[in-house]
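Predicted, not measured: the structure shown is a model, and the values here were computed from it. Order of the sequence lines sets the chain letters (A, B, ...), proteins ahead of strands, with each chain counted from 1.
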There are 2 protein chains.
Amino acid sequence: MHRSSFAKSLADLKSRGVRLTPQRQMILRYLKETHEHPTAEQIYHQVSQEFASISMATVYNTLHRLTELGVIRELSYGDMSSRYDGNDSEHAHLVCEVCGKVADVPCPPIERFTSPELFAHGYAVGSYRLEFYGHCPDCQQSGAGQRDSELN
Amino acid sequence: MHRSSFAKSLADLKSRGVRLTPQRQMILRYLKETHEHPTAEQIYHQVSQEFASISMATVYNTLHRLTELGVIRELSYGDMSSRYDGNDSEHAHLVCEVCGKVADVPCPPIERFTSPELFAHGYAVGSYRLEFYGHCPDCQQSGAGQRDSELN
DNA sequence: ATACATGCAAAGTATTTGCAATAAA
DNA sequence: TTTATTGCAAATACTTTGCATGTAT
């Protein structure tokens with residue numbers, strides 16, 4: 001038996017002296033338990049059900065703080081709101097350009113696609129992002145495809 | 001001698017029946033000639049010098065159209081405005097998280113990092129994006145680092 | 001000639017901020 | 001008790017839209 005990813009992150013944050021308000025715990029738990037890559041809006045909606053008075057400002061505050069602390073990831077896109085990912089292990093994403101759904105895919109270790117030219121620029125690289133864009137199975141069959149709003 | 005990337009794209013668009021207004025040509029030329037990955041604002045500013053009456057709406061319209069046509073790429077980020085890339089060949093980016101500067105890096109062919117799991121999801125993948133985040137040489141030495149606004 | 005692009009100003013959306021009230025440590 | 005976080009409302013930043021005018025083909 002191993003502790004949930006949520007419990008692990010929580011302990012980690014506590015040991016780092018991060019203040020753990022109920023709001024933060026709920027947001028973190030939700031992100032660690034879902035695989036949905038929700039938007040701030042969806043997180044707000046979800047967490048509101050248990051904690052009615054929470055505000056969007058707190059949701060955004062918390063998401064930034066957790067991202068900065070490295071326990072979640074922010075995925076930003078040009079034409080839709082950012083999505084948040086509780087899976088902090090190394091992986092890539094499959095993004096549906098029609099409905100916005102995001103799926104996780106395993107990803108080769110970073111060394112696989114780093115080149116000497118990369119280092120030649122002298123950047124101190126801390127992280128990377130690999131994403132594939134396309135149409136998900138649902139949106140391929142339903143000719144027109146559902147909008148970003150409907151499912152995902 | 002080979003035709004400039006701009007001339008090539010222009011001919012390509014013409015043959016595809018795309019209406020080539022002076023505004024569009026200027027924006028496209030600028031993007032094909034710079035390696036700066038400018039924002040919409042920067043493009044507007046630059047093109048305004050030759051074509052004073054151009055509007056932001058036209059800049060955005062054009063950027064979307066050109067992206068859709070596949071001759072440029074849009075790079076969106078969470079905390080700053082999108083940047084546009086006239087280099088339509090396969091490559092990755094090095095992004096400075098301090099000043100926002102974006103550099104091109106060669107990138108292995110897509111097959112190098114696709115896995116069976118990727119296909120198992122059934123997505124029809126059309127494109128991908130690979131980005132490395134870190135601190136550029138300039139921002140590493142200048143301890144505090146310049147802000148997104150200053151240089152890049 | 002005509003469909004499509006432009007430019008303006010107004011609207012929209014996502015996200016951020018200031019600040020007084022509140023609660024975690 | 002102290003200092004960071006919350007929640008509200010107002011503000012900002014970026015991007016999009018409606019519509020009358022203009023223009024590339």
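One hydrophobic cluster, built from ILVMFWY side chains closer than 4.5 Å, cannot hold both B/L75 and B/I43; they sit in different ones. Note: the hydrophobic cluster containing B/V18 also contains B/Y84 (ILVMFWY, side chain heavy atoms under 4.5 Å, direct or indirect links).
Whole-Å rounding puts the A/L69 CG to D/dA4 P distance at 14 Å. The distance between atom CD of A/Q25 and atom P of C/dA23, rounded to the nearest whole Å, is 15 Å. At whole-Å resolution of the value, OH in A/Y44 and C1' in D/dC8 are 11 Å apart. The CG-P distance, from B/L13 to D/dA24, rounds to 16 Å in whole Å. Atom pair B/M56:CE and C/dA5:P shows a separation of 19 Å (rounding to whole Å applied). In this structure, B/L63 atom CG and D/dC14 atom P are separated by 14 Å, rounded to whole Å. The CD-C1' distance, from B/E68 to C/dA5, rounds to 14 Å in whole Å. Rounded to whole angstrom, the span from the CE atom of A/M80 across to the P atom of D/dC14 amounts to 20 Å.
Between A/H37 and A/D104, the side chains place a donor N or O and an acceptor N or O closer than 3.5 Å (distance only, hydrogens not considered). Looking only at atom types and distance, the side chain of B/H91 has a donor-acceptor partner in the side chain of B/D85 under 3.5 Å away.
Cation-pi geometry between B/R129 and A/Y77 is not met: the NZ or CZ atom fails to fall both under 6.0 Å from the ring centre and inside 45° of the normal.
Listed pair A/T58 / D/dG7 meets the phosphate criterion, a side-chain N or O lying under 4.0 Å from OP1 or OP2. Taking only side-chain nitrogens and oxygens, B/Q23 comes nearer than 4.0 Å to OP1 or OP2 of C/dG7. Taking 4.0 angstrom as the limit, B/S55 places none of its side-chain polar atoms (N or O) nearer than this to OP1 or OP2 of C/dC8. The phosphate of D/dT15 (OP1 or OP2) has a side-chain N or O of B/Y60 nearer than 4.0 angstrom.
You'll find that the side chain of A/F51 is closest to D/dG7, out of D/dT25, C/dA5, D/dG7. Distance from the side chain of A/T21 is smallest to D/dT5 among C/dT17, C/dA9, D/dT5. The side chain of B/H64 has D/dT16 as its nearest neighbour among D/dT6, C/dG7, D/dT16. When distances are taken from the side chain of B/A57 to each of C/dG7, D/dT5, C/dT15, the shortest belongs to C/dG7.
Between B/N61 and A/R24, the one whose closest nucleotide on DNA chain D sits nearer the 5' end is A/R24.
Within 3.5 Å, a donor on the side chain of A/R19 pairs with an acceptor on the base of D/dA4, or the reverse.
Counting heavy atoms from C-beta outward, B/I27 and B/I54 have side chains that approach closer than 4.5 Å. Using a 4.5 Å heavy-atom cutoff, the side chains of B/D138 and B/K101 are in contact.
Counting heavy atoms of neighbouring residues, nucleotides and ligands inside a 6.0 Å radius, atom NE2 of A/H93 exceeds 12 of them.
As judged by a 4.0 angstrom heavy-atom cut-off over every strand, A/T39 is placed among residues making no nucleic acid contact.
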Between the protein and nucleotides 10-13 of chain D, are there any N/O to N/O pairs under 3.5 Å, and if so, what are the atom names and distances?
none

